[in-house]
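So the structure is just underneath, and the comments pick up after that.
Letters A, B, ... mirror the listed sequences (proteins, then strands); counts begin at 1. Every heavy atom of this structure was used, including side-chain atoms; hydrogens, water molecules and symmetry mates were not.
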Amino acid sequence: MSADRREWPLYEVFVRGKRGLNHVHVGSLHAADDAMAVRHARDVYTRRNEGVSIWVVRADAITASSPDEKDPMFAPSGDKVYRHPTFYDIPDNVPHM
Amino acid sequence: MTTTPAEPEALEAAFEATIARHDRIEPRDWMPDAYRRTLVRQMAQHAHSEIIGMQPEGAWIGRAPSLRRKAILLAKVQDEAGHGLYLYSACETLGVSRAELTELLLTGRQKYSSIFNYPTLSYADVGTIGWLVDGAAICNQVPLCRTSYGPYGRAMIRICKEESFHQRQGYELLMTMMRGTDAQRAMVQESVNRFWWPALMMFGPPDADSPNSARSMAWGIKRNSNDELRQKFVDMTVPQAEALGVTLPDPDLRWNEERGHHDFGEPDWEELAAVIRGDGPCNAQRMAHRRAAHEDGAWVREAASAFAAKAGAR
């Protein structure tokens, strides 16, 4: 088929729902360039005031941990219960702790 | 850090354990090929339905009777496009490309919902589609928000939020017509008569004839059987029809005290099979329109690519 079989790159879309919140991943879309990705993201993901700010990033620019390495990858935090406040016994009569 | 590749049995066991915990499967997780194939088929069919579904109602945008109704219909049809895009995106996380999915639709190798092969003969059909067709779609889709494949479930949550507007605008449109003249009331009734049975067919064949259902339910892709959802839809719709002042064209439709549900007649499954086969009233027209839209839009896609390439080279 013609040249349009070459796909536009995939972008991941992040939307800030309102001031004070983080940008959150909402989905993805194809666009020819960054500016079009932002415009398409507005039309596809914020038709009902879902956002006050949009980030788009090309999906091939994202580096992710591998699900196969799930256990070794997160092992360093698995055995460090002392990082959590509930690890420490404080008597009930001590206030504001 | 080195990791030894897990044995197939271990991978399968981990997958089954995730399903059993009602946890979600995410794109990069190992999954059985048949699970992936089933999802691609179901999600693609769903996405195609949203895209083809723009046509029956889109045909009335220019003829809607007021600016208010035009704006509503335009927003609704735009939503359908959005729903198609959410679902295509979710489907692509399984390793199929958008171009492939488009190709599979345009060449008729993947299906879309049979309901969109019926014509919209009067403006009342816009209301009936919102009320009955989107109503049936909501029944089907709400349980899919809890489907086992993460991206599919997340797409469904967005879609369900928006479908409620679709159903309500349709019902309100019909209510307005029912407050009008005798001719308008007759137009509503005639429209409901035409769409009732095709709407019931949207839930698919009876459970006994739905070969893929059991597998899909075991995998948590589907949460309810076709017949369960159809019954739920009938029970929900009967009081809505009464409130609207229309009758539903089924002589066997009556409340069954013992079952706590409505009994209703059997849809014409021959008709459903024919429409799926391609012999519905509008199959050829819908496909021709979609192909033409795709071809007519080629220059836009090419121009955007050329512009991006030029900007990238600067």
#### Entry: salt bridge (charged side-chain N to carboxylate O under 4.0 Å, His left out) assessment of Glu92(B) paired with Arg98(B)
CA-CA 7 Å; Glu92(B) 286 176 81; Arg98(B) 180 74 59 91; 2.9 Å; yes

### Query
Below 6.0 angstrom between ring centroids: does that apply to Tyr35(B) and Phe15(B)?
yes

### Query
When only heavy atoms count and the cut-off is under 4.5 Å, which of residues 89-97 of chain A reach chain B?
none

### Query
Quick one: do the Ser66(B) and Arg68(B) side chains pair a donor with an acceptor below 3.5 Å?
no

### Message
With no hydrogens and no angle check, just 3.5 Å: does a side-chain donor-acceptor pair link Thr93(B) and Tyr149(B)?
### Response
yes

### Query
Could you name the residues of residues 18-31 of chain A that have a heavy atom within less than 4.5 Å of a heavy atom in chain B?
Val26(A), Ser28(A), Leu29(A), His30(A)

### Task
Considering only NZ, NE, NH1 and NH2 on the basic side and carboxylate oxygens on the acidic side, decide whether Lys76(B) and Glu80(B) come within less than 4.0 Å.
yes

### Query
Side-chain donor-acceptor pair under 3.5 Å between Glu50(B) and Tyr112(B), yes or no?
no

### Query
Is it the case that more than 12 heavy atoms not belonging to Leu67(B) sit under 6.0 Å from its CG atom?
no

### Query
Do His166(B) and Glu163(B) have side-chain atoms, one donor and one acceptor, less than 3.5 Å apart?
yes

### Query
Looking at Glu50(A), His40(A), Met36(A), Arg48(A), which one has more heavy-atom pairs under 4.5 Å with chain B than the rest?
Arg48(A)

### Query
Does a donor on one side chain sit under 3.5 Å from an acceptor on the other, for Ser305(B) and Glu302(B)?
no

### Query
Does any heavy atom of chain B fall under 4.5 Å from the side chain of Ala64(A), the backbone, both, or neither of them?
both

### Query
Given that the side chain runs from C-beta out, which part of Phe165(B) has a heavy atom under 4.5 Å from chain A: side chain, backbone, both or neither?
side chain

#### Entry: Beyond-backbone contact of Asp33(A) with Lys310(B), side-chain heavy atoms, under 4.5 angstrom
no

### Task
Give, as side chain, backbone, both or neither, the part of Arg154(B) having an atom under 4.5 angstrom from any heavy atom of chain A.
neither

### Donor-acceptor pair, side chain of Lys80(A) and main chain of Pro76(A), under 3.5 angstrom
yes

